[in-house]
Amino acid sequence: MSARPRIGISLDADEAKVRYELKRTYVDAVLAAGGLPILIPFVAPDHADEYLTLLDGLVLSGGAFDVPPALYGEEARPVCGPLIPERTDTELRLLRAALAGGTPVLGVCGGMQLLNVALGGSLHQDVPTDLGIDLHQQPHPKDVPSHDVEVVAGTRLAALVGAGALRVNSTHHQAVKSVAPGLVVSARAADGLVEGIELPGHPYALGVQWHPESALRHVPRHAELYRGLVRAAVERRR
Ligand code: MN
């Protein structure tokens, strides 16, 4: 019997940064997909590399934070949300090593935004302010899908969930502005917002702006994003 591939999941913190936090749906989605979840605290720059040696795959989770605008050459405006620099430092270190070394990685919401920024892209600091679009912060409950995206045919995302319309949840106030060089857009909302990105040539480097781990309750094919990550992690370990 082969052991489950070890899938790291980055942790969030509460507002006071006293407690680590993570929605159970991430852990449950990795378990259901056949992975062994390993939760990763804020350890950069000392131990991020050590964590990566434990992992066969990585989930960069979302949370109540924004990617520091300094990382894409902007000053934080008042509309920017709270930053958790020690979290982002850890995730960036893990992500850069995963991209360089071929470790499978799934970026969810803020994790997708970090994937774009890590490769040289930028973000809208506040979608309602910058673009006058309001539909991307749905009211509770957050797991119920609230808008469609169009999945681009021929992408890895399309191979996982099918091309064309996909119903997604939406709990983000930021979004990709300029797409990083080398990344391909795999999904867009009807208003043009980028909802999915991926890195061709890497075994599995995908980002989605929605939360597949909670939307899968209502739209089961969202689980394919986690199944694909675990399959790639198994391949990676061979
Ligand atoms: Mn959205």
Side-chain angles (χ1 to χ4, degrees), residues 10 12 22-23 25-26 29 59-67 69 72 74 77 79-82 88 91 105-119 121-153 155-158 160-180 183-199 205-226 228-229:
S10 57
D12 198 24
L22 184 73
K23 287 221 171 86
T25 47
Y26 291 101
V59 176
L60 297 178
S61 67
F65 74 105
D66 284 334
V67 173
Y72 49 94
E74 292 185 15
R77 291 152 47 207
V79 290
C80 190
T88 300
E91 290 181 309
V105 55
L106 172 64
V108 174
C109 198
M112 172 238 197
Q113 294 167 3
L114 189 66
L115 173 62
N116 185 54
V117 169
L119 291 169
S122 67
L123 304 177
H124 290 293
Q125 288 192 33
D126 187 62
V127 167
T129 307
D130 292 2
L131 300 173
I133 298 169
D134 276 330
L135 80 116
H136 292 274
Q137 282 180 289
Q138 68 183 71
H140 287 283
K142 302 290 194 189
D143 58 329
V144 180
S146 69
H147 73 69
D148 278 358
V149 298
E150 186 74 13
V151 177
V152 179
T155 59
R156 187 182 290 265
L157 180 63
L160 291 166
V161 301
L166 176 66
R167 201 84 183 137
V168 303
N169 51 0
S170 194
T171 65
H172 56 108
H173 86 107
Q174 296 199 332
V176 168
K177 186 161 65 178
S178 67
V179 178
L183 285 177
V184 164
V185 173
S186 58
R188 279 186 195 274
D191 52 30
L193 269 199
V194 174
E195 292 266 349
I197 51 177
E198 59 190 50
L199 183 63
L206 273 69
V208 292
Q209 187 55 78
W210 64 92
H211 284 271
E213 68 286 343
S214 54
L216 61 79
R217 265 188 68 215
H218 300 274
V219 182
R221 62 184 155 135
H222 283 297
E224 296 303 330
L225 280 153
Y226 283 87
L229 175 72

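One-based numbering, in listed order, for ligands and for the atoms of each.
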**Q** Could you tell me if H173 and D66 have a donor-acceptor pair between their side chains, going purely by distance under 3.5 Å?
**A**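 Distance-only check passes for D66 and H173.
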**Q** Taking only protein atoms, how many N, O or S atoms are found under 2.8 Å from the Mn ion (ligand 1)?
**A** 5
**Q** From the options V176, L183, V149, N116, select the one residue that forms a side-chain contact (heavy atoms from CB on, under 4.5 Å) with V194.
**A**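 Only one of V176, L183, V149, N116 forms a side-chain contact (heavy atoms from CB on, under 4.5 Å) with V194, namely V176.
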**Q** Could you walk me through whether H172 and H124 satisfy the side-chain contact (heavy atoms from CB on, under 4.5 Å) test, starting with their C-alpha distance in whole Å, then the side-chain angles of each, then the deciding distance to 0.1 Å, before giving a yes or no?
**A** CA-CA 11 Å; H172 56 108; H124 290 293; over 6 Å; no
**Q** Does a side-chain heavy-atom distance below 4.5 Å link M112 with W210?
**A** no
**Q** Quick test of your reading of the model: are K23 and D143 salt-bridged, counting only N-O distances below 4.0 Å?
**A** no
**Q** Please find out if less than 6.0 Å separates the ring center of H147 from that of H136.
**A** yes
